[in-house]
Amino acid sequence: MNLIKSISLDEKKSIYILIFILIFHLLFLNLYPVNDEFIFPVGAKLIENFDVDEISLFFNYNANTLGFSLLIFFFSKFLPFDYYIIGKLLSCSGILLIYLAIFNLLKILKLNKIKDKHILILLIFFNPLIFIFSFRATPDFFASALSFFSIVYFLINKELIFKFFFIILFSVAVIVKPFNAILIILIFIDFNFKSFFCKKNWNIFLWFLLSLLIPLFYFFYNYYLFNFFLIPDHFKLNRSFNIKDYSVRFLSYIGFLNIFLILLYIDIFFNSFIKNPFKIFFYIIISILCSYFFKQNLGELNFGYLQVYLNPKIYFFTITLSFFIFSDFVLTLIKNNKLNKNLLILIALIIFFLIVLSNFQPTQRYLLSIITLSLFIFFIINKTRNLIFFTIIIYSVMNIPLFVNHYYTSKNIEKIIVFLNKNNILDDTHPGYIGQHSLNYFIDFEKDISKSMSKELLFGEKKYYVSDEIPAQQETIIFSTKSNNIFKKNKNLYLIKK
């Protein structure tokens with residue numbers, strides 16, 4: 001009872017928000033897989049026999065490490081759930097990890113006395129990237145949350161054994177998603193810049209090296225088993241360097257990230273605009289020119305299916321203008337000494353992360369590694385409640401159609417799979433549209449797995465196929481789902497006989 005009384009009203013509200021978000025996620029735990037969720041439970045299934053040839057089949061279908069599948073397999077020894085549900089639970093656990101990390105980061109930065117912590121929690125959990133990806137049994141959100149949690153708890157704990165434990169956890173997060181390795185820079189918050197070679201700094205360097213040692217050992221062993229370090233060469237994660245393409249990707253990453261942040265400091269921006277209106281007009285003109293002369297394919301750096309409603313040139317113009325606004329705002333903060341050392345290090349970490357990330361194919365899910373930290377920083381910089389509440393409202397408006405699309409895509413896939421099983425025609429059906437989502441249902445793990453998972457068998461000529469488009473007149477619709485997605489009513493699925 002004394003513990004409950006010692007918790008402030010602000011902290012109680014934060015706990016209520018955490019519980020609400022977790023319960024909401026758990027209510028939809030049994031949704032059928034969407035957007036490559038299928039491959040990680042499949043990876044765990046392949047690990048069962050510890051056969052390298054079988055496990056290598058995992059890399060035919062995705063560009064991730066085995067890390068998440070290994071964790072699913074590990075936790076299956078303690079949890080009475082199937083692999084897919086364990087993957088979903090791991091992803092949901094990222095919500096709790098972020099919650100714990102935020103409160104301890106406030107302590108580390110000596111900001112524990114700030115008010116409205118529950119609003120900060122609400123802001124982070126309602127961010128569309130976090131809200132939507134935390135539903136998926138994929139490694140992106142979980143790994144970003146685990147790495148953030150591990151580094152924060154490493155910093156706040158003074159006992160050697162605990163530091164070692166959290167460095168191991170961080171290493172696991174890096175194995176699951178290697179991009180998260182950049183977050184190790186957070187340990188340099190304690191760095192003594194005045195006495196570079198002091199004992200404290202040497203300890204930081206040693207921890208830094210140790211954090212990379214375990215992942216390096218894993219990736220070398222991965223090379224020994226599968227003949228590649230991170231991912232197979234055929235996925236071509238990076239490409240030959242081109243200064244124009246790199247610059248566009250860097251601009252796009254910052255611009256896209258800033259779309260989630262700009263409302264938090266829009267008042268400061270407007271005040272700057274009033275003082276110097278020429279500056280914003282200059283940014284607009286440059287952005288228009290960029291949208292015409294430098295626009296290129298931004299990969300998956302978009303708003304999911306909502307992207308179909310956005311004109312490509314207008315979208316790239318918005319991203320470019322967002323980049324200039326962000327850059328102007330950060331440079332103004334630095335110029336006016338509005339950032340203390342810790343916040344400056346955090347912003348430098350975000351920029352450095354994006355510098356590295358811009359070498360690779362753009363995708364919004366990579367930003368999960370820094371979105372929590374970004375929201376935290378901008379909340380601290382400008383704690384204007386009305387703007388924060390307005391941002392949360394905008395996030396909620398975005399989340400509704402995104403979640404509805406996720407839900408009904410899953411339900412439509414479920415209807416198709418149930419019909420195929422009921423009529424015993426699963427083996428005679430080309431996965432088509434749902435292959436990206438729920439290919440696991442087409443794999444027969446009771447037979448020779450190398451044949452069952454061969455693309456020639458799964459995607460070869462079949463009597464039936466699944467499509468999200470109305471078939472040609474000479475083809476027969478055997479079964480169709482009726483989408484109840486009010487935001488995308490034509491998203492029906494069709495089982496077609498050729």
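Keep in mind that this is a model prediction, so the values were computed, not measured.
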Partner of Asn258 under side chain to side chain donor-acceptor pair (under 3.5 Å), chosen from Ser374, Ser322, Ser327: Ser322
Residue of the set Ser91, Ser93, Ser134 for which side chain to side chain donor-acceptor pair (under 3.5 Å) holds with His25: Ser134
Taking the six-membered ring for Trp, are [X] and [Y] ring centroids under 6.0 Å apart?
X      : Y      : result
Phe353 : Tyr366 : no
Phe220 : Phe229 : yes
Phe81  : Phe75  : no
Phe228 : Phe59  : yes
Tyr99  : Phe103 : yes

Donor-acceptor pair, side chain of [X] and main chain of [Y], under 3.5 angstrom:
X      : Y      : result
Tyr16  : Glu11  : no
Lys341 : Ile189 : yes
Ser410 : His406 : no
Asn60  : Lys455 : no
Asn227 : Tyr223 : no
Tyr253 : Thr363 : yes
Thr65  : Val176 : yes
Asn127 : Leu129 : yes

Note, [X] side chain near [Y] side chain (heavy atom, < 4.5 Å):
X      : Y      : answer
Leu105 : Phe149 : no
Phe403 : Phe135 : yes
Leu97  : Phe148 : no
Ile15  : His118 : no
Phe316 : Val248 : yes
Tyr218 : Leu66  : yes
Thr481 : Phe419 : no
Glu54  : Ser450 : no

Which atoms form the tightest heavy-atom contact between [X] and [Y], and what is the distance?
X      : Y      : answer
Ile39  : Ser69  : O-OG, 4.3 Å
Phe352 : Ile185 : CD2-CD1, 3.4 Å
Pro178 : Phe219 : CG-CZ, 3.7 Å
Leu106 : Lys117 : CD1-CD, 3.9 Å
Ile72  : Leu90  : CG1-CD1, 4.0 Å
Ser438 : Phe38  : CA-CB, 4.1 Å

Plane angle bin for Phe68 and Phe142 - parallel if under 30°, tilted between 30 and 60°, otherwise perpendicular: tilted
Ring geometry between Phe154 and Trp207 (parallel below 30°, tilted from 30 to 60°, perpendicular above 60°): perpendicular
First locate atom [atom1] of [X], then atom [atom2] of [Y], and finally report the distance between them rounded to the nearest 0.5 Å.
X      : Y      : atom1 : atom2 : result
Leu225 : Tyr221 : CG    : OH    : 4.5 Å
Phe170 : Leu210 : CZ    : CG    : 11.5 Å
Ile319 : Leu251 : CD1   : CG    : 8.5 Å

Flag if over 12 foreign heavy atoms under 6.0 Å of CG, Leu27: yes
Asp428/Lys463 salt bridge by N-O under 4.0 Å criterion: no
Any donor-acceptor pair under 3.5 Å linking the side-chain atoms of [Y] with those of [X]?
X      : Y      : answer
Glu414 : Tyr441 : no
Ser452 : Asp444 : no
Asn342 : Asn340 : no

Set of side-chain hydrogen bond (donor to acceptor under 3.5 Å, both in side chains) partners for His437, sequence neighbours left out: none
Stacked cation flag Arg136 on Phe133, 6.0 angstrom / 45 deg: yes
Pi-cation contact, Phe28 with Lys88 (under 6.0 Å, within 45°): no
side-chain contact (heavy atoms from CB on, under 4.5 Å) with [X]: which of [options]?
X      : options                : result
Tyr464 : Leu420, Leu426, Thr429 : Thr429
Val152 : Leu183, Asn104, Leu100 : Asn104
Lys177 : Leu368, Asp140, Leu146 : Asp140

Phe360 and Phe179: CA distance, side-chain angles, deciding distance, ring-ring contact (aromatic ring centres under 6.0 Å, His included) verdict: CA-CA 11 Å; Phe360 307 98; Phe179 282 122; 5.2 Å; yes
